[in-house]
Student: 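Please see the structure below; I have some questions.
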Amino acid sequence: MSRRAGSAVFALAFVLLAANPAVSQLSVVPAAVPTVTAENEPWYLNGEPITYAGNFYYPSGAQVYFNANEMVRSGFFMGIPLYTRTTIEPYSIVYVPLPNGRLQPYARPRTEELTGTAASLPSSELPRPSATVPPWGHTLQAAGPPSQTARTVPVQIPRPAVVEPTPPLAADTPKESGTSGRIGTQTSTCACPQAPISIFIEYNAQRWYALGAPQPLETSTMDKIGTYHGFDVWTKRDDRSVIYIPVTIGSSSAVAYGQARPGEQVR
């Protein structure tokens with residue numbers, strides 16, 4: 001064959017291929033809807049697992065409809081065709097056909113690092129993590145958003161000591177040896193008035209007794225003379241016999257303390 005004839009044959013073949021592009025393309029044919037179904041099979045009615053590719057598969061999730069563009073027939077179980085989807089993990093789920101184009105998914109249990117989990121759907125037969133069931137009437141809820149309100153931390157105020165009143169000795173009551181004026185084994189029957197229970201603090205090596213309820217602290221007319229367990233101690237410029245201690249750190253109210261009990265005079 002001459003060179004001229006060979007060129008003519010090559011040109012003719014190129015024209016034929018260009019005129020029919022379908023010759024060089026692959027055509028994908030959708031799968032047919034299955035006609036053999038498993039709704040009457042005992043293993044399906046009893047919820048038993050099936051075997052596929054050497055593994056057990058368990059009923060998993062809700063039924064789905066047949067998708068002809070994604071599902072392909074991949075095997076058989078007890079005469080029933082099994083289908084898989086080309087868009088999910090291979091060998092993870094197989095589908096058992098049912099009437100009206102429905103399919104029941106069956107999932108394979110995971111192994112190694114993924115033991116106890118399902119491939120793409122939760123299985124009613126696979127192990128599930130244990131959950132704590134709340135008591136009846138109590139529902140678990142998620143935590144609420146953080147609050148913008150500042151939280152006030154209560155200040156622990158030292159509790160003053162309480163002095164029990166000591167009744168005076170009767171004239172005919174003998175004293176015990178080694179005592180300093182306190183009542184011995186005999187009980188006094190004197191019906192004398194008793195001093196009320198007093199609250200005092202120890203400050204500057206002296207006892208100071210509470211003189212009443214808290215009152216406003218006017219620091220403009222007072223001087224700070226020290227601290228008591230972290231609390232500022234104030235006194236008036238014109239009266240040093242009374243000290244004032246705030247009820248809380250930084251409070252504008254304070255309790256007045258004097259060196260004499262309420263109702264008594266300083267000697």
Side-chain angles (χ1 to χ4, degrees), residues 128-267:
R128 296 183 179 181
S130 59
T132 302
V133 180
W136 183 88
H138 294 78
T139 304
L140 298 178
Q141 297 181 355
S147 174
Q148 299 294 333
T149 305
R151 182 181 179 183
T152 303
V153 179
V155 178
Q156 297 294 333
I157 304 175
R159 304 178 65 178
V162 178
V163 178
E164 295 290 343
T166 302
L169 292 173
D172 57 349
T173 303
K175 299 180 181 179
E176 287 186 351
S177 175
T179 61
S180 57
R182 294 190 178 272
I183 300 176
T185 57
Q186 297 182 4
T187 303
S188 173
T189 58
C190 175
C192 302
Q194 300 180 359
I197 297 176
S198 300
I199 298 176
F200 73 93
I201 63 173
E202 297 282 350
Y203 173 71
N204 200 17
Q206 294 179 347
R207 285 189 177 183
W208 298 80
Y209 297 89
L211 301 180
Q215 54 185 285
L217 183 64
E218 300 178 358
T219 57
S220 60
T221 61
M222 296 181 177
D223 294 329
K224 177 182 175 182
I225 61 173
T227 58
Y228 174 75
H229 293 284
F231 294 80
D232 296 336
V233 180
W234 299 82
T235 184
K236 292 185 177 181
R237 298 188 181 98
D238 56 354
D239 185 7
R240 301 289 182 174
S241 63
V242 179
I243 61 175
Y244 300 85
I245 300 179
V247 294
T248 60
I249 296 178
S251 174
S252 60
S253 297
V255 176
Y257 293 85
Q259 292 184 348
R261 296 183 182 181
E264 296 181 351
Q265 295 182 354
V266 179
R267 297 179 180 178

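Keep in mind it's a predicted model, so treat the numbers as computed, not measured.
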Student: Ignoring hydrogens, what is the shortest heavy-atom contact between Lys224 and Trp234? Give both atom names and the distance.
Tutor: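 Answer, listing the atom of Lys224 first, then Trp234: N-CE3, 3.6 Å.
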Student: Do other residues, nucleotides or ligands put more than 12 heavy atoms under 6.0 Å from the CD atom of Glu218?
Tutor: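 Atom CD in Glu218 is not crowded, with 12 or fewer foreign heavy atoms closer than 6.0 Å.
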Student: Could you tell me which non-hydrogen atom of Phe231 sits nearest to which non-hydrogen atom of Ile249, and how far apart they are?
Tutor: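 Closest heavy-atom pair between Phe231 and Ile249: CE2-N, 3.6 Å.
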Student: Looking at every heavy atom in both Ser220 and Arg237, which two are closest together, and how far apart are they?
Tutor: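 Heavy-atom minimum between the residues: O-NH1, 2.9 Å.
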Student: Just how far is it from atom CG of Asn204 to atom OH of Tyr228, taken to the nearest 0.5 Å?
Tutor: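 Between Asn204 CG and Tyr228 OH, I get 12.5 Å after rounding to 0.5 Å.
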Student: So which heavy atom on Ser251 is nearest to which on Ser253, and how close?
Tutor: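 Answer, listing the atom of Ser251 first, then Ser253: OG-N, 3.1 Å.
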Student: Go through the structure and list residues passing side-chain hydrogen bond (donor to acceptor under 3.5 Å, both in side chains) with Lys236, not counting sequence neighbours.
Tutor: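 Scan of Lys236 (side-chain hydrogen bond (donor to acceptor under 3.5 Å, both in side chains), adjacent residues dropped) gives none.
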Student: Just how far is it from atom CG of Asp232 to atom CE of Met222, taken to the nearest 0.5 Å?
Tutor: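 Separation between the atoms: 12.0 Å.
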Student: Please answer whether the main-chain N or O of Tyr203 pairs with a side-chain N or O of Trp208 as donor and acceptor at a distance below 3.5 Å.
Tutor: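 Yes, Trp208 side chain to Tyr203 backbone: donor-acceptor pair under 3.5 Å.
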Student: Taking all atoms of both residues into account, what is the closest heavy-atom pair of Thr227 and Val233, and its distance?
Tutor: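 In this case the closest contact between Thr227 and Val233 is C-CG2, 3.7 Å.
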Student: Please step through side-chain contact (heavy atoms from CB on, under 4.5 Å) for the pair Glu202 and Arg207, ending with a clear verdict.
Tutor: CA-CA 5 Å; Glu202 297 282 350; Arg207 285 189 177 183; 3.0 Å; yes
Student: Any sub-3.5 Å donor-acceptor pair from Thr235's side-chain atoms to Val242's backbone N or O?
Tutor: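 A pair under 3.5 Å: yes.
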Student: Evaluate the criterion side-chain contact (heavy atoms from CB on, under 4.5 Å) for residue pair Ile245 and Ile201; output intermediate values, then yes/no.
Tutor: CA-CA 11 Å; Ile245 300 179; Ile201 63 173; 3.3 Å; yes
Student: Looking at every non-hydrogen atom in both residues, tell me the closest pair between Val255 and Gly212 and how far apart they are.
Tutor: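 In terms of heavy atoms, the two residues are closest at CG1-O, 3.9 Å.
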